[in-house]
Amino acid sequence: MTSHIREQAKLITAQLLSGAGIASGYAVGGLLAEEITGQTSMAGFAQMSVILGAGLIAYPLAVLAGRSGRRKALTLGFGIGTLGAMVVLIGVALQFLPLFMLGMMMCGSSTASGLQARYAAVDLADPAAAGRAMSLVVWATTVGSVLGPSFTAPGAHLGETLGMNGLAGPYLISMVAFALATLSASTLTKSVAAGTDHPTSTAEAAGPPPMKLGEALRFALARPVPLFAMITIIAGQMMMTNVMVMTPVHMDHQEFSLGAIGIVVSIHIAGMYALSPVFGWMADRWGSGVVIAGGAGIFVLTIALGVIDAVAPESSMVLLSTALSLLGIGWSMFLIGGSSLLTASVPAHAKVPLQGASDSAMNLGGALMAAMAGAVLGAGGFLWINLMATFVLLIAVGFSIRAIPIMSWPGRRTAGLAEAADQPAAATRQDGAGK
């Protein structure tokens with residue numbers, strides 16, 4: 001087994017465990033917040049705290065990765081998530097909302113680390129296979145994430161057996177899973193520097209130093225394709241978060257069982273990750289634009305199904321399961337397509353700061369949607385939740401207008417990346433197609 005394969009296996013193991021930990025508590029976080037406060041509008045703030053925590057820690061972890069390697073960054077990130085699950089349990093036991101929210105924010109560190117792992121996989125891969133390398137690590141989350149919600153009911157029973165609030169029980173599973181992910185990440189080597197395609201090459205070593213955050217953001221804002229790539233990642237997360245965090249609450253109000261809620265969450269998470277290798281292959285073969293365009297179409301269908309369920313006299317388990325599965329697929333296509341496009345459209349010294357910035361922004365955007373979602377659900381029901389997602393999708397489409405003409409598409413080759421880096425408004429060869 002080559003060193004790259006071993007490192008990839010470690011990333012996959014950490015991602016699988018992290019996915020299980022995140023998903024284990026995902027279905028009950030909003031219910032716990034609602035129970036502690038007695039207010040439906042607070043349900044969205046639980047998941048908002050997780051996403052906000054991920055947004056706040058993503059860029060510092062990226063900076064640490066750039067300075068000290070992926071191993072330290074990922075180990076620290078998963079370790080903070082482990083402590084976060086413990087703090088959640090204490091907060092629930094004390095029925096103290098601020099402590100509960102703090103623990104949820106700390107759990108977000110595991111989310112940020114899982115997102116950074118996809119770029120660690122790219123650091124190890126041949127540039128022509130970057131999409132596939134990234135998607136394999138994303139796909140690894142499938143097993144853990146699908147199994148995680150199935151632990152919701154057993155976790156609740158375990159919590160009750162231990163004399164705890166039953167809804168807090170799944171966070172015991174989260175704590176163990178995050179701890180094991182921390183252990184796996186700590187075994188990574190530092191042979192590959194963050195953000196480099198060929199870390200051992202003389203040319204890479206002699207390249208310019210990494211950009212500061214402000215400089216990197218100005219670089220992206222001046223170039224339509226990197227900017228569109230970042231907007232795609234952010235918009236996908238916002239739409240997914242907006243609908244997903246309120247679906248368990250919506251189902252609870254419709255008197256679905258906790259087991260049924262867990263099944264829908266599992267189906268959704270399967271959609272998020274199961275087909276990611278296909279989307280990675282598509283990005284390498286036909287270009288990131290094709291993947292993003294497909295994701296946009298999937299989001300349109302998802303929103304349409306959500307609206308149908310919202311206006312129906314009674315919610316349908318089949319309809320919600322289908323809509324949530326497609327929601328996950330659309331998110332996956334936006335994440336992989338956008339991340340591949342971002343990685344290929346900027347030079348090495350801009351990659352790590354822009355990767356960290358986009359991950360921070362996607363989670364902060366998701367936190368904003370989660371914070372608003374509870375009040376929106378209370379005011380306009382599930383219909384308004386889907387209308388919010390529509391608004392975000394339209395914004396992403398608006399940013400695509402300048403980028404589409406200068407992106408690579410099947411059957412059309414464009415200029416090289418080196419030229420694109422020097423031409424802010426005319427950057428052409430912006431993704432991996434035709435390499």
Side-chain angles (χ1 to χ4, degrees), residues 23 26-34 37 39-52 55 104 149 234-256 258 260-269 271-272 295-332 334-335 362-397:
Y26 203 97
V28 299
L31 300 178
L32 281 169
E34 186 177 24
T37 63
Q39 301 178 34
T40 299
S41 61
M42 293 299 295
F45 280 87
Q47 297 306 333
M48 180 210 72
S49 297
V50 176
I51 303 165
L52 179 62
M104 295 293 279
I234 296 165
Q237 180 75 6
M238 292 178 71
M239 288 185 286
M240 186 276 292
T241 302
N242 173 59
V243 176
M244 185 57 240
V245 297
M246 284 298 102
T247 297
V249 180
H250 169 66
M251 294 181 68
D252 184 61
H253 292 172
Q254 297 292 319
E255 300 184 352
F256 284 94
L258 187 61
I261 294 173
I263 290 171
V264 170
V265 172
S266 292
I267 292 171
H268 164 68
I269 296 175
M272 291 174 67
I298 293 293
F299 273 123
V300 169
L301 181 56
T302 299
I303 293 169
L305 292 176
V307 170
I308 293 172
D309 183 83
V311 300
E314 184 175 291
S315 288
S316 164
M317 179 72 173
V318 173
L319 194 60
L320 284 173
S321 298
T322 303
L324 268 291
S325 175
L326 292 173
L327 179 71
I329 291 172
W331 174 87
S332 182
F334 266 37
L335 179 72
M362 71 181 280
N363 283 294
L364 292 174
L368 175 63
M369 298 299 279
M372 297 169 58
V376 171
L377 182 70
F382 205 51
L383 174 63
W384 283 22
I385 292 294
N386 284 276
L387 293 179
M388 285 179 66
T390 302
F391 178 73
V392 174
L393 181 59
L394 290 174
I395 292 175
V397 171

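Everything numeric here is computed off the predicted structure, so don't read it as measured data.
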Could you tabulate the donor-acceptor pairs under 3.5 Å formed by side-chain atoms of residues 311-319, not counting sequence neighbours?
residue, atom, partner, partner atom, Å
Ser315, OG, His250, NE2, 3.0
Ser315, OG, Asp309, OD2, 3.2
Ser316, OG, Val318, N, 3.3
Ser316, OG, Leu319, N, 3.1

Just list the side-chain donor-acceptor pairs under 3.5 Å for residues 367-390, sequence neighbours left out, or say none.
residue, atom, partner, partner atom, Å
Asn386, ND2, Phe382, O, 2.9
Thr390, OG1, Asn386, O, 3.0

**Report entry** Which atom of Phe256 lies closest to which atom of Ile261, heavy atoms considered
**Finding:** O-CD1, 4.3 Å
Report summary line: Interatomic distance, CG@Leu31 vs CG@Asp252, rounded to 0.5 Å, equals 5.5 Å
Query raised in the report: Which pair of non-hydrogen atoms, one from Ser49 and one from Met104, has the smallest distance, and what is that distance?
Result: CB-CB, 3.7 Å
Query - Which atom of Met251 lies closest to which atom of Ala260, heavy atoms considered - result: CE-O, 4.0 Å
Query - From Leu32 atom CG to Thr37 atom OG1, the distance as rounded to the nearest 0.5 Å - result: 10.5 Å
Query raised in the report: If you look at every heavy atom in Leu324 and His268, which pair is closest and at what distance?
Result: O-ND1, 2.9 Å
Query raised in the report: Applying ring pair (Phe, Tyr, Trp, His ring centres under 6.0 Å), which residue pairs with at least one partner in residues 307-331 are found, sequence neighbours left out?
Result: Tyr273-Trp331
Query raised in the report: CE/Met240 to CD1/Ile329 distance, rounded to the nearest 0.5 angstrom?
Result: 13.5 Å
Query raised in the report: Under 4.5 Å between any side-chain heavy atoms of Met244 and Val265, yes or no?
Result: yes
Query raised in the report: Could you state the interatomic distance from CG (Leu52) to CG (Asn363), rounded to the nearest 0.5 Å?
Result: 9.0 Å
Query raised in the report: Taking side chain as C-beta onward, heavy atoms only, is Leu393 less than 4.5 Å from Phe334?
Result: yes
Side-chain donor-acceptor contacts of residues 301-308 below 3.5 Å, not counting sequence neighbours, with atom names and distances?
residue, atom, partner, partner atom, Å
Thr302, OG1, Ile298, O, 2.9
Thr302, OG1, Leu327, N, 3.3

Report task. Under the side chain to side chain contact (heavy atoms under 4.5 Å, CB included) rule, collect the residues that match up with Ile267, sequence neighbours excluded. Result -> Ile263, Ser321, Ser325
